[in-house]
Amino acid sequence: MENSSPLLHADALIAEFQARGLFKDATPGLAAHLATPRTIYCGFDPTADSLHIGSLVPLLALRRLQLAGHRVIILVGGATGMIGDPSFKAAERKLLDAATLAHNVAGIQAQVTKLFADVPAGPLGKPLVLNNADWTQGVGVLEFLRDIGKHFSVNQMIARDSVKSRLERDDAGMSFTEFSYALLQAFDFHEMFRNEDLKCSVQIGASDQWGNMTAGTELIRKKLRGEAHVLTLPLLLKADGTKFGKSESGTVWLDAAKTSPYAFYQFWLNTSDADVEDYLKRFSFADYSKIEQLLAQHNQNPSHRLAQQSLAAELTKLVHGHEANERAWNLSINLFDNNVHAFSEEDFIQLSQEGGLPAAKSGSLALIDALILTELVTSKREARDFLKQGAIQHNGVVVTDEALELTPANAKYEKYHLLKRGKKQFALLVHG
RNA sequence: GGUGGGAUACCCAAGUGGCCAACGGGGGCUGACUGUAAAUCAGCUGGCAUCGCCUUCGAAAGUUCGAAUCUUUCUCCCACCA
């Protein structure tokens with residue numbers, strides 16, 4: 001944050017992106033272009049009402065660019081979301097209905113607005129959150145086909161890797177609708193480029209977006225004789241080759257209502273040693289040298305998980321705020337390092353608070369039903385299965401008795417039942 | 001509009017009248033070992049219930065003692081040709 005100097009060291013900026021694993025490819029001349037403040041955008045399709053941590057890579061890259069003296073646009077795809085991006089997708093996708101889409105767009109807009117609220121304005125101003133429906137909706141079909149479609153060669157489009165697999169499969173095809181997605185994305189870039197208030201000339205995105213993004217720079221070159229650039233970020237994979245961004249309980253969302261700050265914190269804390277260096281470099285805003293220092297320390301004794309803790313704390317703070325991070329940290333200490341028997345009543349009150357564990361209120365009931373109520377299991381059969389395997393703990397004790405009843409008598413402070421499934425899944429049942 | 005192919009659990013995929021709650025693989029979960037890591041090994045992976053029942057193989061109707069498997073109609077997907 002200290003170098004919000006408007007004078008931009010574009011070469012250094014790009015070198016840093018490279019070092020941090022945030023640079024896969026760029027159009028030639030990008031560095032020179034970034035020597036003066038520019039407007040840079042990245043698009044996000046509203047496939048859900050919240051972004052997830054997969055989107056954090058481009059989001060935080062945008063944040064870096066804004067901090068480096070540029071101005072960024074977070075573009076929510078109210079229009080492109082109507083279509084669905086076919087790039088590298090195996091099959092045609094289901095269309096979202098208009099109401100869902102509107103809901104999703106609103107959700108994401110609110111979310112990113114919050115996420116960028118603390119970012120200072122650069123020479124060109126503060127970050128902007130826009131919706132491409134604003135300039136796409138009113139455009140007529142004929143107008144679009146004549147003015148935009150004319151600049152695209154189908155020969156080139158079908159040659160793209162991003163669609164090739166779809167075209168070559170014999171069990172899946174591609175509709176014209178999805179095929180035209182690239183045109184819409186190019187149109188976005190073109191519109192924001194020629195808009196005098198925006199003059200957006202750079203687009204960033206994941207590497208699978210290369211085709212769609214350069215479609216934009218070409219359109220701008222052909223139609224407006226303008227110079228625009230793109231930068232792609234490498235796809236983030238885990239060391240074991242599996243997808244980044246899933247935890248035991250599924251997708252990790254940025255919305256606290258969908259993924260609690262505690263679960264979010266835990267996700268990062270559980271990063272494997274093999275991945276933590278990669279993640280720190282990409283996600284942390286700490287100086288590069290600080291990160292290397294931290295990693296050196298971490299490697300001396302990986303079991304202390306210094307790197308994971310630092311990563312988890314920084315990101316939880318960034319996404320959910322300082323207080324939520326404190327709570328998540330506290331909760332984690334309590335659940336994993338402390339003995340449930342030593343919990344004070346205050347500890348339990350903490351546990352039951354917002355941003356924490358899944359919790360349920362009820363009168364006395366059977367353990368098996370409690371497990372279902374708290375969603376630790378999905379059926380009674382599964383509950384019995386876990387009980388048999390010794391995977392269920394009640395207030396710190398392994399339970400195998402299928403018939404156990406949870407009552408005030410065996411509750412902590414006559415009120416609390418801390419249930420645990422496996423090593424990491426907790427839930428709280430509160431009487432009253 | 002025509003011709004051909006297809007729809008099976010989270011995904012891929014076997015099964016073409018009873019031995020099918022449905023092979024196998026992936027994924028996921030759990031246990032052991034650990035550091036809330038990775039790797040490895042083992043178990044589980046439709047539901048209910050004290051081994052018996054219920055629901056499931058795109059949908060509906062039918063044939064049969066008995067269907068994921070046969071018939072009819074319908075829906076959707078794919079390829080090629082118009």
Side-chain angles (χ1 to χ4, degrees), chain A residues 84 86 88-95 158 163 165-179 237-252 260 262-280 294-295 297-313 316 328-340 356-357 366 368-369 371-372 374-393 396 398-403 418-427:
Chain A
F88 298 102
K89 298 285 188 315
E92 183 89 6
R93 301 206 281 162
K94 286 262 180 307
L95 293 175
I158 58 175
V163 300
S165 65
R166 272 285 272 293
L167 299 176
E168 283 167 0
R169 283 172 72 120
D170 48 359
D171 64 334
M174 183 177 346
S175 66
F176 181 75
T177 305
E178 285 196 6
F179 188 56
L237 280 179
K238 294 207 284 183
D240 59 12
T242 58
K243 247 204 212 119
F244 164 81
K246 301 276 188 209
S247 76
E248 285 86 350
S249 28
T251 303
V252 180
S260 74
Y262 161 76
F264 184 86
Y265 179 91
Q266 282 286 319
F267 170 81
W268 296 105
L269 189 66
N270 277 299
T271 303
S272 72
D273 291 339
D275 290 319
V276 76
E277 173 170 353
D278 223 32
Y279 291 8
L280 269 174
L294 175 65
L295 286 168
Q297 224 176 328
H298 168 82
N299 286 327
Q300 277 172 21
N301 192 344
S303 69
H304 288 165
R305 293 178 300 155
L306 280 180
Q308 282 90 340
Q309 283 176 26
S310 168
L311 180 70
T316 310
W329 178 77
N330 254 313
L331 200 52
S332 299
I333 298 274
N334 262 335
L335 290 174
F336 289 98
D337 297 346
N338 291 346
N339 187 333
V340 183
L357 299 183
I368 288 185
D369 294 322
L371 291 170
I372 291 174
T374 54
E375 294 181 348
L376 283 180
V377 304
T378 57
S379 69
K380 293 189 177 187
R381 203 222 89 251
E382 194 179 67
R384 291 197 189 88
D385 226 44
F386 283 133
L387 282 163
K388 221 174 287 169
Q389 296 172 97
I392 303 293
Q393 286 187 26
V398 174
V399 185
T400 49
D401 178 13
E402 294 182 8
L418 181 63
L419 302 173
K420 182 180 179 188
R421 189 207 83 207
K423 275 184 222 170
K424 300 174 204 169
Q425 298 293 311
F426 292 90

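By convention in this document, chain letters (A, B, ...) are assigned in the order of the sequence lines, proteins followed by strands, and residues within each chain are numbered from 1.
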* Aromatic plane relationship, Phe179(A) with Phe176(A) - under 30° parallel, 30 to 60° tilted, over 60° perpendicular -> tilted

Does [N] have a Watson-Crick or wobble partner in any strand here, with both distances under 3.5 angstrom, and which is it?
N	result
rG66(B)	none
rC80(B)	rG2(B)
rA13(B)	none
rA59(B)	rU73(B)

Atom pair distance, as rounded to whole Å: [atom1] in [X] and [atom2] in [N]:
X	N	atom1	atom2	value
Phe244(A)	rG27(B)	CZ	P	20 Å
Trp329(A)	rU36(B)	CH2	C1'	16 Å
Glu402(A)	rU50(B)	CD	P	10 Å

[atom1] atoms of [N] and [M], separation to the nearest Å:
N	M	atom1	value
rG27(B)	rA38(B)	P	14 Å
rC57(B)	rA49(B)	P	23 Å
rA67(B)	rG17(B)	C1'	6 Å
rU73(B)	rU55(B)	P	28 Å
rC70(B)	rC80(B)	C1'	29 Å
rU50(B)	rA59(B)	C1'	38 Å
rA79(B)	rU71(B)	P	26 Å
rG26(B)	rA42(B)	P	13 Å

* To do: With the side chain of Ser272(A) defined as its heavy atoms from C-beta on, choose the nearest nucleotide among rC48(B), rA37(B), rU36(B).
  => rA37(B)

* Give a yes or no on whether a donor-acceptor pair under 3.5 Å exists between the nucleobase atoms of rG35(B), that is its base, and the side chain of Asn301(A). => no

* Asked: Any donor-acceptor pair under 3.5 Å between the side chain of Lys424(A) and the base of rU30(B)?
  -> no

* Student check: side-chain heavy atoms of His298(A) and Asp273(A) closer than 4.5 Å -> yes

* Lys423(A) side-chain N/O to rU30(B) phosphate OP1/OP2 under 4.0 Å -> no

* When you look at Leu418(A) and Leu357(A), which way does the side chain to side chain contact (heavy atoms under 4.5 Å, CB included) test go after all the steps? -> CA-CA 10 Å; Leu418(A) 181 63; Leu357(A) 299 183; 3.9 Å; yes

